[in-house]
There are 2 protein chains.
Amino acid sequence: MTVDLVILTVRQDRLRVLLIERGNQPYLGRPALPGGFVRHGETLDETALRELSEETGLDGRKLHLEQLHVYSDPDRDPRGRVVTVAYLALGPDMPLPVAGTDATAARWEPISSALTDGMSLAFDHAAILRDGLERARSQLEHTTVAAAFCPEPFTVGDLRHIYEAVWGFKLDPSNFRRKVTRTAGFLEPTGERRFPETGRPANLYRRGPASLLIPPLLRSGEVSS
Amino acid sequence: MTVDLVILTVRQDRLRVLLIERGNQPYLGRPALPGGFVRHGETLDETALRELSEETGLDGRKLHLEQLHVYSDPDRDPRGRVVTVAYLALGPDMPLPVAGTDATAARWEPISSALTDGMSLAFDHAAILRDGLERARSQLEHTTVAAAFCPEPFTVGDLRHIYEAVWGFKLDPSNFRRKVTRTAGFLEPTGERRFPETGRPANLYRRGPASLLIPPLLRSGEVSS
DNA sequence: CCAAAAGTGTTACACATACACCCATGC
DNA sequence: GCATGGGTGTATGTGTAACACTTTTGG
């Protein structure tokens, strides 16, 4: 029994997933999601946190982490019966991960290229990644997890860039602002401002206590450009 | 590794869960969710379908079945390490189940009493049941699964009774009708009508091909009485 | 006729969209 | 001044909530 991690972040306005290059058989040298076997006496959450730090050097306490789905096809691993529990992790742009125990390389791969046919991820990881991406997109509609992608403090524009990167289309800045600022508990003003290279300074915020978005922020509001 | 099932139905206008009485140690004689061990070479979906028929005599192909969550606390089973994958099953009012291999009794228990302290379900099944109930309530908002509770053909009133039983409050009949009939692909008219003991006859419908409810049918619309 | 459930119409309101417009800063 | 993003205002449309009302049956 294993845990595999779909770790997403936004870097340079692109949604990216953390991939490792496999250092062992099977699928030696092929890109894959980080993951590993559950140890005796560990909960799955503990396994996920441990793999996160072992394979990527990331601190799981700063990330949003949730169970995604279990993949149990008897033929999914050529070594034999391996059931895997996939986790979805969302976090702010993080320092480049270091190669870990059974990974010879790790990188932040843009989602678009990670899902092309040419990439051919190990095992059924392409399917797991697709499911994780769809879950992340859906979570942005109904919860405030998008803020987990932003290093604090952040501006409304930062948050909008997250939505645009994850959903893959532009949003209307003024309507977006209204929606997030009117949802009580989503954003907490710090009172500070950030001065960009050019343009009016923006108010800075921290994540608020709310976790659900009621009413939801629907993806249907796609806008040109 | 096991699969446990939260099987819900609506019977006599009450939401009910299928509970068995345990025939083995541990928790001998205590009420529990049906479930059992995953066999070699089986996917989890197959295990869920097999347990469904073995323990309850129900045909899983007529039910809506989905993965719920994995429960992995090392102490959740006194026999040792048992990770369980919970499934949620929703179906129409079904023939009384027959007692199966490791169950000495099975019954449709109203949700309200199944979750009282006095019931004290085996293992962590009370927590699993609570999670399943919340998932079912949420699914009714965003998908058309409510129709899975209705034997075909059914009326708009039948469907409304499902929502009322699962959510635990009354809905406005006229507004409900508008919402479900205007969602393309939710209901397919059969052209037939049903004549109640008293009152105007109602049009009959079958489930349509749609599975998502856009826009969602929100729970916030609670109404008095 | 009455009771009961099905089904329609209507008004008021909340919210979203689209877009015009103003604000504050660096250059 | 100008460019650039931040931020506000507003008209129009869409869907919901609340509830009055009509329809169709059995008794």
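All values below were derived from every heavy atom in this structure, side-chain atoms included, with hydrogens, water molecules and symmetry-related copies excluded. Chain A is the first sequence line, chain B the second, and so forth, proteins listed ahead of strands; every chain is numbered from 1. Here the structure is a predicted model, which is why all the values come from computation and not from measurement.
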**Request:** Answer with base, sugar-phosphate or nothing: what part of the nucleic acid does A:Arg194 contact at a heavy-atom distance below 4.0 Å?
**Result:** nothing

**Item:** B:Asp158/B:Arg194 ion pair, N-O < 4.0 Å
**Value:**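 Yes, B:Asp158 and B:Arg194 are salt-bridged.
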
Which whole-number value in Å describes the distance from [X] [atom1] to [N] [atom2]?
X	N	atom1	atom2	value
A:Leu218	D:dT14	CG	C1'	13 Å
A:Arg193	C:dC23	CZ	P	15 Å
B:Glu197	C:dA5	CD	P	9 Å
A:Arg200	C:dC23	CZ	C1'	4 Å
B:Tyr163	D:dT16	OH	P	12 Å
A:Arg182	D:dG9	CZ	C1'	10 Å
B:Arg177	C:dT10	CZ	P	17 Å
B:Leu159	C:dA6	CG	P	12 Å

**Complete:** Testing D:dC19, C:dT17, C:dA6 for proximity to the side chain of A:Lys179, the answer is C:dT17

**Request:** Would you indicate which nucleotide in D:dG9, D:dC19, D:dG7 comes nearest to any side-chain atom of A:Ala202?
**Result:**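 Between D:dG9, D:dC19, D:dG7, the one nearest the side chain of A:Ala202 would be D:dG7.
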
**Request:** Output yes when at least one side-chain N/O atom of B:Asn203 is less than 4.0 Å from OP1 or OP2 of C:dG7, else no.
**Result:** yes

**Message:** Looking at every heavy atom in both A:Leu49 and A:Gly60, which two are closest together, and how far apart are they?
**Reply:** CD2-CA, 3.6 Å

**Request:** Give the ring-plane orientation class for A:Tyr163 versus A:Trp167, where under 30° counts as parallel, over 60° as perpendicular and anything between as tilted.
**Result:** perpendicular

**Prompt:** Given that A:Gly199 and B:Asn175 both sit by DNA chain D, which one's nearest nucleotide is further toward the 5' end?
**Reply:** A:Gly199

**Message:** Can a donor-acceptor pair be found, under 3.5 Å and without considering hydrogens, that links the side chain of B:Arg207 to the backbone of B:Cys150?
**Reply:**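 Checking the backbone N and O of B:Cys150 against the side chain of B:Arg207, a donor-acceptor pair under 3.5 Å is found.
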
